[in-house]
S.K.: 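Attaching a single structure in structure tokens format; questions to follow.
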There are 2 protein chains.
Amino acid sequence: MTTPADDPFMQIERAILQLGWLGQRQFMQLLAEERFDLTVPQYYTLLHLSYCSGMCKMSDLARATSQSAASLTGVVDRLLEKHLVERGRPDDDRRQVVVAATERGRILLTRIERARHEAMQTTLAHISPTELQELRRLLGAMLDAMGNALHQADRSAFPER
Amino acid sequence: MTTPADDPFMQIERAILQLGWLGQRQFMQLLAEERFDLTVPQYYTLLHLSYCSGMCKMSDLARATSQSAASLTGVVDRLLEKHLVERGRPDDDRRQVVVAATERGRILLTRIERARHEAMQTTLAHISPTELQELRRLLGAMLDAMGNALHQADRSAFPER
DNA sequence: TGTAAATATTTAATGCTATTAAGTATATCA
DNA sequence: TGATATACTTAATAGCATTAAATATTTACA
């Protein structure tokens, strides 16, 4: 065996997968509540749109959210029905379709963020501020390595301080 | 605003969600490769069964993998078609259904674990061993707080060392 | 200029999963 | 024995992932 079961790498890998699975599942149920009524792909799509100033091309949105263009069409359809996004065709290239979050969409996002924050406090409350700082840095390093910044503002996603 | 956007809590929450989303998505595509041909729920179900010695009740399996009983029935159906699990009814309570991983299922799991390991090395290679140790501990603390140990052997999931 | 190729997106078809409600079989309890 | 509870499956609906084909528009080239 090159990598025994108690290899620290293995443990971290399992922990990350477990965290992803559990986190997605709990978040899915939060989003499904009547006051939000979103799916996880819908949330991520809307979230990315909130980072964009102005309109965002479907193809860019698909890449940014790691979805196929075909899936994204349906997701945006449903966001449109709920009046959380707007769709349009630019005049300079009428093949493209562009999307933007509406005010209503942005408001919903902040309500979700608040609810998620409260739900997560329970989990993070057991960890000291110093450790949280360290955790933030390490998670950021991992995300960067996975080839995806957090799209927060324009600066590099996770500066050392 | 009680929690400004650059609140360290918020950043960690976003990082965890992002990690979950990206991780699940990349893992989904790895599992979909012809040599594995599994979905993420199928993988997690099989993984939990591999932790169980002997047979596992459907209701226990559903709770352990955070799935509804109704969903789990279908997932197990498909694992059964691929001969990765076995199903049976115990004599002492014939309402129950119990499931166990087959040898074939366990072999597939180790092959997947190996492939995932290689894929993740790229990401974890940028982080020093000391930091990895710290990351392991922090992730473990979070998972424990989320009410789920890693089911590794019998001992508590993430001892301090 | 006119036509072929490339690009951007949608549509259609299939399969899997989540959710809810209803159904079936077995066990328990009075 | 008969009502109720338990364990699970089935059925119906909706959403997403994937693939291939279809549509519309732009670009390129001859």
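This structure is a prediction, so every number in the text was calculated from the model and none was measured. Note on naming: letters A, B, ... go to the chains in the order of the sequence lines (proteins, then strands), and numbering restarts at 1 for each one.
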S.K.: Check every atom of D:dA7, D:dT9, C:dT17 against the side chain of B:Arg87 and return the nucleotide holding the closest atom.
M.R.: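 Closest of the options to the side chain of B:Arg87: D:dT9.
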S.K.: Identify whether any heavy atom of A:Ala70 sits under 4.0 Å from a base atom; if not, whether one sits that close to sugar-phosphate; answer base, sugar-phosphate or nothing.
M.R.: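 Base, at least one base heavy atom under 4.0 Å.
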S.K.: To the nearest angstrom, how far is B:Gln42 atom CD from D:dA17 atom C1'?
M.R.: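 Distance check: B:Gln42 CD to D:dA17 C1' gives 13 Å.
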S.K.: Measure from CD on A:Gln67 to C1' on C:dA8 and round the result to the nearest Å.
M.R.: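 After rounding, the gap between these two atoms is 17 Å.
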S.K.: Return the orientation label for the A:Tyr44 and A:Phe27 ring planes: parallel under 30°, perpendicular over 60°, tilted otherwise.
M.R.: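 Ring orientation of A:Tyr44 relative to A:Phe27: perpendicular.
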S.K.: If you measure from CG on A:Leu138 to CZ on B:Arg136, what distance do you get to the nearest 0.5 Å?
M.R.: 13.5 Å
S.K.: Between C:dT9, D:dT10, C:dT26, which nucleotide gets closest to the side-chain atoms of B:Asp93?
M.R.: C:dT26
S.K.: So, is A:Thr39 close to the D:dG15 phosphate, meaning a side-chain N or O under 4.0 Å from OP1 or OP2?
M.R.: no
S.K.: Kindly point out which of C:dA25, D:dT10, D:dG15 is positioned nearest to the side chain of B:Arg95?
M.R.: C:dA25
S.K.: Using a 4.0 Å heavy-atom cut-off, does A:Ser59 contact any base of the nucleic acid, only the sugar-phosphate backbone, or nothing at all?
M.R.: sugar-phosphate
S.K.: Apply side-chain hydrogen bond (donor to acceptor under 3.5 Å, both in side chains) to the pair B:His117 and B:Gln121, showing each step before the final yes or no.
M.R.: CA-CA 6 Å; B:His117 183 68; B:Gln121 285 299 22; 3.0 Å; yes
S.K.: Test your reading of the model: is there a side-chain donor-acceptor pair from B:Ser71 to the backbone of B:Gln67, 3.5 Å cut-off?
M.R.: no
S.K.: Compare the minimum distances between each of C:dT10, C:dA18, D:dT18 and the side chain of B:Pro41, then state the nucleotide with the smallest one.
M.R.: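 From the listed options, C:dA18 comes nearest.
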S.K.: Distance check needed: C:dC16 C1' versus B:Glu81 CD, whole Å only.
M.R.: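 Going from B:Glu81 (CD) to C:dC16 (C1'), I get 12 Å.
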S.K.: Using whole Å, what does the distance between atom C1' of nucleotide C:dT17 and atom CD of B:Gln24 come to?
M.R.: 13 Å
S.K.: Start at the 5' end of DNA chain C and walk down; is the nucleotide closest to B:Val40 or to B:Arg89 reached first?
M.R.: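 Here B:Val40 is the residue nearer the 5' end.
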S.K.: Say you draw a straight line from CG of A:Leu139 to CG of A:Leu132; how long is it, rounded to the nearest 0.5 Å?
M.R.: 10.0 Å
S.K.: Measure the distance from CD on B:Gln29 to P on D:dT19 and round it to the nearest whole Å.
M.R.: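 Value for this atom pair: 9 Å.
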S.K.: So B:Ser68, base contact, sugar-phosphate only, or nothing? Heavy-atom distance under 4.0 Å.
M.R.: base
S.K.: Let me know, please, whether A:Met28 or A:Met58 comes out on the 5' side of the other along DNA chain C by nearest nucleotide.
M.R.: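 By nearest-heavy-atom nucleotide position, the 5'-most residue is A:Met58.
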S.K.: Select one nucleotide: of D:dC8, C:dT9, C:dT19, the one nearest the side-chain heavy atoms of B:Lys57.
M.R.: D:dC8
S.K.: Taking atom C1' of C:dT17 as reference, at what distance in whole Å does atom CG of B:Leu38 sit?
M.R.: 14 Å
S.K.: Could you check how far CG of B:Leu30 sits from P of D:dA17, rounded to whole Å?
M.R.: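 The distance from CG of B:Leu30 to P of D:dA17 comes to 17 Å, rounded to the nearest Å.
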S.K.: Expressed in angstrom and rounded to an integer, what is the separation of B:Gln96 atom CD from D:dT6 atom C1'?
M.R.: 10 Å
